2 protein chains.
Amino acid sequence: MKTEDSFFRKSDYCKNCFDCDHRSELFNVLTEEQMYRLNNNRYEVIYNAGETIHKQGSSATHVITLTSGLAKLYLEGKHRDIILEILKPTDFFAAPGIFVDNRHHYTIKAITPTTACFLDVEHFREMINKNPYFAQKYIEMMNEKTINSFGKILELTQKQMPGRVAGAILYLSNTIYESKNMDMELSRQDIADLCGLSKESTIRILKDFKDAEYISLEGKHLTIKDHESLQQIYNNG
Amino acid sequence: MKTEDSFFRKSDYCKNCFDCDHRSELFNVLTEEQMYRLNNNRYEVIYNAGETIHKQGSSATHVITLTSGLAKLYLEGKHRDIILEILKPTDFFAAPGIFVDNRHHYTIKAITPTTACFLDVEHFREMINKNPYFAQKYIEMMNEKTINSFGKILELTQKQMPGRVAGAILYLSNTIYESKNMDMELSRQDIADLCGLSKESTIRILKDFKDAEYISLEGKHLTIKDHESLQQIYNNG
DNA sequence: TTTATGTATTGATGTAAATCAATTTTTATA
DNA sequence: TATAAAAATTGATTTACATCAATACATAAA
């Protein structure tokens, strides 16, 4: 059911792709004709906080661009979830499964009210086949994600708790909120899943950082007070 | 310095790419002209066991196909190495860095005497730009690796020791040696790095499996005696 | 407002796996 | 062959983290 809030957000709907400021930069290399077709085939969906956008294991029929809000992309494990990435506008996502087994290998869930623009996989594949620039852009994007996932593997297996939590704080500050002063929309469990730690351990480390005055923290309001120290803990973690 | 053994292996040198049976299936979609250019630009290198083929952090100038031998592809972490993949003929490898920062983000080292066929990155990029089938094949390959690395993340963070060691044994048997009866060329440390465990812990689990008669193990000769049980341990982890 | 339900916090306890240390076995070298 | 060096094994100890349990707090529903 739509909330009043999401109803009003319908003003967020994009008129067209040509002058859309929510468009992923991936699409900048499309030809005029391809852009036209893109515009005719896309559609937008509005999600409430907590709703699932892609479900791990389900069939991958569309690629998406997040046009507003915040979402988490995570692997559902047996014992816990591992958040690989927080998605924000205008992140583009094409499931790696669309060229393999047409399945989603992770779940994407809205953290805040969110809108996403959907594009049919067949259409996306066609763009790749017909436009080498587009293909190259996509490959660059994929490869960057691969490299990131290497880093994730090392962090999750080699860093210990303080290093991982410091890493999560720096990631949120540098990449997601782009500020040292954050009204985080993530729950403590989300932060834990970002670190691959239990909720309790994460909370304890956050408290340590607060006591050491590296951060200030009240509820979901977090401010980085000593970026230097956090960075050092992350590096030596 | 070349050993006598590696000298004799020069007979392994490929005459040309056209009828090469060490060629990665990726290249099957090349046009005749592209295949001709491939043949003229490639070169082969012979490695002794233990030698480094690609070094993490160094600049990525070539993509490779492993034409003989066995190699390990691993991330060098602060405290330990994580083996992502064992490479065997005719595995193809293009560093994800070639479309990002022109660096290697992992190290590849020969486990046994090994030959690898090198192809210039510029040339490889050209193939991708000029041949959409080739680009698609490459994307498929990349995506498959991405999906595998998701699995790796879950295994390393959620499975405990017996599950991980069982996984490594099954991987070696199913994918690398393609037999239940293996004369493993990997060291105990290699197996540990494949599991993300310490050498000592890995050895202990192997001993447990031997005592339970799931495997027989003498030195580097390993035979799977109870595949079912190993699979179950892997699944329930 | 009251009640309920989920989220956050803190402390006590348990445990999986690493580390350390010593010994044995294997492989390489003089 | 003898000797050195590396790899494998085993046991004892330590520790980083999870789990469990109880309580506090916040948000939403009645």
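Remember, it's a predicted structure, so these values are computed and weren't measured experimentally. A, B, ... follow the sequence lines: proteins, then strands. Residue 1 opens every chain.
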Taking the side chain of [X] as heavy atoms from C-beta outward, which of [options] is closest to it?
{"X": "A:Ser198", "options": "D:dA8, D:dA18, C:dA8", "result": "D:dA18"}
{"X": "B:Lys220", "options": "D:dA8, D:dT19, C:dA17", "result": "D:dA8"}
{"X": "A:Ser187", "options": "C:dA8, D:dT10, C:dT19", "result": "C:dA8"}

Checklist entry - Taking only residues two or more places apart in sequence or in another chain, which ones pass side chain to side chain donor-acceptor pair (under 3.5 Å) with B:Asp120? => result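 None.
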Next on the checklist: Could you work out, with salt bridge (charged side-chain N to carboxylate O under 4.0 Å, His left out) as the rule, every residue matching B:Lys207, not counting sequence neighbours?
Outcome noted: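 Partners of B:Lys207 under the salt bridge (charged side-chain N to carboxylate O under 4.0 Å, His left out) test: B:Asp211.
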Check the distance between [N]'s [atom2] and [X]'s [atom1] and give it to me in whole angstrom.
{"X": "A:Gln189", "N": "C:dA8", "atom1": "CD", "atom2": "C1'", "answer": "11 Å"}
{"X": "B:Asp211", "N": "D:dT9", "atom1": "CG", "atom2": "C1'", "answer": "13 Å"}
{"X": "A:His79", "N": "D:dC20", "atom1": "NE2", "atom2": "P", "answer": "12 Å"}
{"X": "B:Arg204", "N": "C:dA16", "atom1": "CZ", "atom2": "P", "answer": "14 Å"}
{"X": "A:Ile203", "N": "D:dA18", "atom1": "CD1", "atom2": "C1'", "answer": "14 Å"}
{"X": "A:Glu200", "N": "D:dA24", "atom1": "CD", "atom2": "P", "answer": "17 Å"}

Next on the checklist: Can you tell me how the ring of B:Tyr47 sits relative to the ring of B:Phe118, calling it parallel under 30°, perpendicular over 60° and tilted otherwise?
Outcome noted: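 B:Tyr47 vs B:Phe118 ring planes: tilted.
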Checklist entry - If you look at every strand shown and take non-hydrogen atoms under 4.0 Å, does B:Lys207 touch a base, only sugar-phosphate, or nothing? => result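 Sugar-phosphate: the residue B:Lys207, judged by heavy atoms under 4.0 Å, touches backbone atoms but no base.
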Checklist entry - Does CD belonging to A:Glu213 count more than 12 external heavy atoms closer than 6.0 Å? => result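 Result for CD/A:Glu213: open.
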